[in-house]
Amino acid sequence: MASEENGQELKGKVAIVTGAGRNIGRAIALALASGGAGVAVNVRSSRVEAESVVREIEKQGGQAFAALADVVDARAVDKMVAAAAERFGRIDILVNSAALRKETPFDKMSAADWREILGVILDGAFNCVKSCLPHLKKSGAGAIVNIGGLSAHTGAKNRAHVITAKAGIVGFTRALAHDLSADHVTVNCVAPGLIDTTRKPGAPEPQHHLSANMLAGRYGKPEDVASAVRFLCGPGARYITGQTLHVNGGAFLG
């Protein structure tokens with residue numbers, strides 16, 4: 001109880017956060033570390049980004065390490081999970097945040113374009129859950145949080161692959177909630193709305209951002225999403241499973 005009162009409700013827990021090098025994933029890694037969890041900061045290839053997040057966590061007195069792995073590669077995921085378990089002795093939390101959010105008109109979308117997006121978002125989540133599952137079951141209070149998206153619920157132009165994958169994440173969440181309930185593993189989805197993130201130089205504003213009406217009157221921050229994820233990973237959310245929590249400032253009332 002004292003640790004919860006001191007803002008350390010995740011003390012003694014260990015989390016793996018995929019796609020944690022920047023933006024929403026980075027904010028989630030920092031939030032979980034702030035709650036007391038040790039964090040494996042996953043990125044696909046940018047060690048510089050991962051180590052930057054690790055330094056931020058360590059500067060705040062937390063524990064973390066950079067975990068490079070392409071979530072599409074099941075063997076690489078297994079190595080990452082094994083490294084996290086060896087480093088911290090356990091795994092209690094998995095946050096599937098790794099994603100690609102490209103825009104391509106459907107008539108110009110190739111099968112390779114389609115598979116690339118579904119591979120990272122859906123296959124990546126599958127690989128990470130499968131690899132982490134033995135550890136999550138041992139936890140006694142395991143938590144999986146999948147990161148969805150606003151457009152999976154509203155639709156959007158030029159995003160058939162992304163919307164299909166993110167809608168699949170919602171279904172995956174509900175299915176796992178049933179499958180893992182007996183093992184005391186909660187499974188939830190956080191669906192961010194329009195979040196002010198750093199995009200690659202020259203990348204245009206996503207089409208669906210241009211027409212959205214946010215009741216909050218502003219874009220969200222990565223920290224807004226991270227707060228929701230931290231809550232779902234903590235002791236106050238043990239009676240919540242199979243749900244999609246929308247963090248969108250009222251852009252969609254689900």
Side-chain angles (χ1 to χ4, degrees), residues 10 13-73 76-88 90-101 119-129 131-132 135-136 142-149 165-166 169 188-192 195-200 220-234 247:
L10 301 178
K13 304 291 187 180
V14 174
I16 293 178
V17 183
T18 69
R22 56 195 180 98
N23 294 327
I24 291 173
R26 168 186 170 274
I28 291 170
L30 292 172
L32 298 184
S34 180
V39 181
V41 179
N42 165 259
V43 296
R44 181 174 61 179
S45 59
S46 180
R47 181 174 292 278
V48 171
E49 288 185 345
E51 291 182 344
S52 175
V53 178
V54 169
R55 285 194 297 272
E56 287 186 78
I57 290 172
E58 292 177 341
K59 187 176 181 180
Q60 296 173 1
Q63 294 183 304
F65 80 101
L68 272 67
D70 185 345
V71 295
V72 179
D73 184 341
V77 170
D78 286 344
K79 289 180 180 179
M80 172 181 70
V81 171
E86 181 178 356
R87 176 73 172 263
F88 294 119
R90 58 190 295 157
I91 298 170
D92 306 274
I93 297 164
L94 169 64
V95 181
N96 287 309
S97 181
L100 295 174
R101 297 177 178 86
V120 172
I121 296 174
L122 287 177
D123 294 349
F126 173 87
N127 289 337
C128 290
V129 172
S131 191
C132 287
H135 303 282
L136 295 172
I144 298 170
V145 179
N146 299 315
I147 303 303
K166 289 296 188 179
I169 280 291
N188 291 289
C189 177
V190 171
I195 307 300
D196 187 11
T197 56
T198 302
R199 295 183 174 82
K200 293 181 179 179
K221 298 178 291 185
E223 290 75 17
D224 294 321
V225 180
S227 294
V229 173
R230 175 172 167 174
F231 167 69
L232 290 173
C233 293
V247 183

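If you read the sequence from its start, that first residue is 1, and numbering goes on from there. Note that the coordinates shown come from a computational prediction; the quantities given were computed from them, not determined experimentally. Note that these values count all heavy atoms, side chains included, but never hydrogens, waters or copies made by symmetry.
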*Under the side chain to side chain contact (heavy atoms under 4.5 Å, CB included) rule, what do Arg101 and Lys166 come out as? Steps first, then yes or no, please.*
CA-CA 10 Å; Arg101 297 177 178 86; Lys166 289 296 188 179; 3.8 Å; yes
*With side chain to side chain contact (heavy atoms under 4.5 Å, CB included) as the test, would you mind laying out the steps for Leu122 and Ile169 before giving the verdict?*
CA-CA 7 Å; Leu122 287 177; Ile169 280 291; 4.0 Å; yes
*Given the rule in the side chain to side chain contact (heavy atoms under 4.5 Å, CB included) test, do Cys128 and Ile16 qualify, once you have shown the distances and angles that lead to the verdict?*
CA-CA 9 Å; Cys128 290; Ile16 293 178; over 6 Å; no
*Apply side chain to side chain contact (heavy atoms under 4.5 Å, CB included) to the pair Arg230 and Cys233, showing each step before the final yes or no.*
CA-CA 5 Å; Arg230 175 172 167 174; Cys233 293; 5.8 Å; no
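In this structure the side chain of Ile147 reaches within 4.5 angstrom of the side chain of Val229, judged on heavy atoms.
Legend: salt bridge (Lys or Arg N to Asp or Glu O under 4.0 Å) pairs involving residues 23-39, not counting sequence neighbours, sorted by first then second residue: Arg26-Glu56.
For the pair Ser97 and Ile24, the tightest heavy-atom approach, listed with the atom from each and the gap, is OG-CG2, 4.5 Å. Summarising the geometry of Val71 relative to Val120, their closest heavy-atom pair is CG2-O, 3.8 Å, with the distance given to 0.1 Å. Looking at every heavy atom in both residues, Val247 comes nearest to Ala228 through CG2-CB, 3.8 Å. Nearest heavy atoms, Ile93 versus Leu10: CD1-CD2, 4.3 Å. Nearest heavy-atom pair, Gly119 versus Asp123, reported as atom, atom and distance to 0.1 Å: O-CB, 3.0 Å. Contact record, Ala226 with Ala27: CB-O, 3.4 Å, taken as the closest heavy-atom pair.
The neighbour count for Phe126 CZ, taken as heavy atoms of other residues, nucleotides or ligands under 6.0 Å away, does not exceed 12.
For Asn146, the side-chain hydrogen bond (donor to acceptor under 3.5 Å, both in side chains) criterion is met by Asn96, Thr173, not counting sequence neighbours.
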Contacts under 3.5 angstrom, residues 28-49 side chains, donor-acceptor by atom type, not counting sequence neighbours:
| from | atom 1 | to | atom 2 | distance (Å) |
| --- | --- | --- | --- | --- |
| Asn42 | OD1 | Gly19 | N | 3.2 |
| Asn42 | ND2 | Ala67 | O | 3.1 |
| Asn42 | ND2 | Ala69 | O | 3.1 |
| Ser46 | OG | Glu49 | N | 3.2 |

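Annotation: the span from Ser227 atom OG to Leu232 atom CG amounts to 11.0 Å, rounded to 0.5 Å. Atom CG of Asp92 and atom CD1 of Ile144 lie 12.0 Å apart (nearest 0.5 Å). Here Ser131 contributes atom OG and Leu94 contributes atom CG; the two are 9.5 Å apart, rounded to the nearest 0.5 Å.
Under the 3.5 Å distance criterion, the side-chain polar atoms of Asp224 are matched with a main-chain donor or acceptor of Lys221.
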